[in-house]
Amino acid sequence: FICIGAGTLEELYNQKNTMMYAGFAFFCVGCLAIMGDFGTALIFFATFLVVSFLRSGDLSRMILTVAGSGLMGLMVLRFKPYIASRFAVWGNVWEFADDKGYQQTRTMSFGSGGGLLGLGAGNGSLKHVAASNTDLVFGFTMEEWGFIIAVLMVLCIITLSLFAVMSIVAGRSTFYTIGACGAATMFLIQTILNVFGSVDLFPLTGVTFPFLSSGGTSMIASWAMLAYFKAADMRENASLEIG
């Protein structure tokens, strides 16, 4: 998805090329919406917006795209009631502490109990809650490893994103620069959804935290996306720097 988006920059003024990528992006997002994977669909859509903006610089087009996608999102919620139920408890999880808000209330309770330094590996209670090592891994880390480590994990993702922004000026080429920014967008949105979903600032969408959540395919995809950062880096011995 990122590679095709970056490829549209090869012919900057080819309108047909832009429309082909837009069609491909909405096909991917539409398939994810049909499957009910709302979190991943949102990550792909945000990446599409960033790639499109870096390619055209047209903010008005982005606004129209977001508005149109909002209407599509309402239609999805209409035909996928279980997704709408997640929005129903958003901001009110404590009223559904033993039902739909069970995971988030336990994450916040156990996570806050870890304090700054945590209870120690294996000493937490959140591990007994479903998806604690995937969708709720931020709270899991707070409880066992402490708030400081949890915040540092988020800062690592932010640092990668800042590196991608810096590569816009000094990148190897526009292709690799847009690839790095696309990968950074996926990392950043994924992290936001995971962290904010765990603490009820966003609806719980069920996405993983890059490099931290349990799951082989998530880990492989995260490491593969680092290739875009490496490819965009023009510094001497850049492989050692990224490693």
Side-chain angles (χ1 to χ4, degrees), residues 1-10 21 24-25 28-29 31-32 37-55 121 131 133-142 145 148-198 202 205-243:
F1 185 80
I2 296 173
C3 186
I4 291 176
T8 62
L9 282 178
E10 291 180 340
Y21 174 59
F24 173 73
C28 294
V29 173
C31 288
L32 290 167
D37 196 343
F38 174 77
T40 306
L42 187 58
I43 293 170
F44 271 59
F45 178 67
T47 305
F48 163 73
L49 289 180
V50 170
V51 170
S52 298
F53 179 73
L54 289 175
R55 184 183 187 280
N133 61 345
T134 53
D135 304 348
L136 309 173
V137 73
F138 180 73
F140 182 85
T141 304
M142 281 200 302
W145 294 96
I148 295 176
I149 296 297
V151 170
L152 287 175
M153 293 189 315
V154 176
L155 291 177
C156 287
I157 301 299
I158 295 175
T159 302
L160 276 176
S161 301
L162 292 175
F163 174 82
V165 173
M166 292 170 59
S167 73
I168 292 177
V169 178
R172 187 182 303 274
S173 71
T174 49
F175 178 88
Y176 293 112
T177 295
I178 201 70
C181 290
T185 302
M186 282 197 167
F187 280 141
L188 195 59
I189 299 299
Q190 191 175 342
T191 301
I192 290 173
L193 291 177
N194 183 279
V195 173
F196 286 2
S198 299
F202 280 177
T205 54
V207 299
T208 56
F209 193 113
F211 305 108
L212 186 66
S213 293
S214 176
T217 51
S218 173
M219 187 67 70
I220 291 173
S222 295
W223 279 105
M225 283 195 290
L226 280 183
Y228 289 101
F229 295 93
K230 171 62 177 71
D233 195 352
M234 288 289 290
R235 294 175 299 170
E236 186 178 356
N237 296 323
S239 59
L240 298 177
E241 296 283 351
I242 292 293

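Predicted model, so just to flag it, every value in this text is computed and none were measured. For reference, positions follow the sequence shown, starting with 1. These numbers come from the heavy atoms of this one structure, side chains and all, not from hydrogens, waters or symmetry mates.
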Determine which pairs satisfy side-chain hydrogen bond (donor to acceptor under 3.5 Å, both in side chains) with at least one residue from residues 206-219, sequence neighbours left out, and list them in order. Q190-T208, T208-S218

Considering non-hydrogen atoms only, spot the tightest contact between V50 and C181 and give its length.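 The pair with the smallest heavy-atom distance is CG1-O, 4.4 Å.
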
Which pair of heavy atoms, one from W145 and one from A121, lies closest together, and at what distance?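 It is CZ2-CB, 3.7 Å.
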
What is the distance from atom [atom1] of [X] to atom [atom2] of [Y], rounded to the nearest 0.5 Å?
{"X": "N133", "Y": "T141", "atom1": "CG", "atom2": "OG1", "value": "10.0 Å"}
{"X": "F44", "Y": "L32", "atom1": "CZ", "atom2": "CG", "value": "6.0 Å"}
{"X": "S222", "Y": "L160", "atom1": "OG", "atom2": "CG", "value": "10.5 Å"}
{"X": "F45", "Y": "T40", "atom1": "CZ", "atom2": "OG1", "value": "15.0 Å"}
{"X": "L188", "Y": "I43", "atom1": "CG", "atom2": "CD1", "value": "10.5 Å"}

Are F48 and F1 near enough that their ring centres are under 6.0 Å apart? no

Got a donor-acceptor contact below 3.5 angstrom from the N194 side chain to the L136 backbone?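 Not confirmed, N194 side chain does not pair with L136 backbone.
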
Determine whether [X] and [Y] make a side-chain contact, defined as any pair of heavy atoms from C-beta on separated by less than 4.5 Å.
{"X": "L226", "Y": "F211", "result": "yes"}
{"X": "S161", "Y": "F229", "result": "no"}
{"X": "L212", "Y": "F138", "result": "no"}
{"X": "V154", "Y": "V195", "result": "yes"}

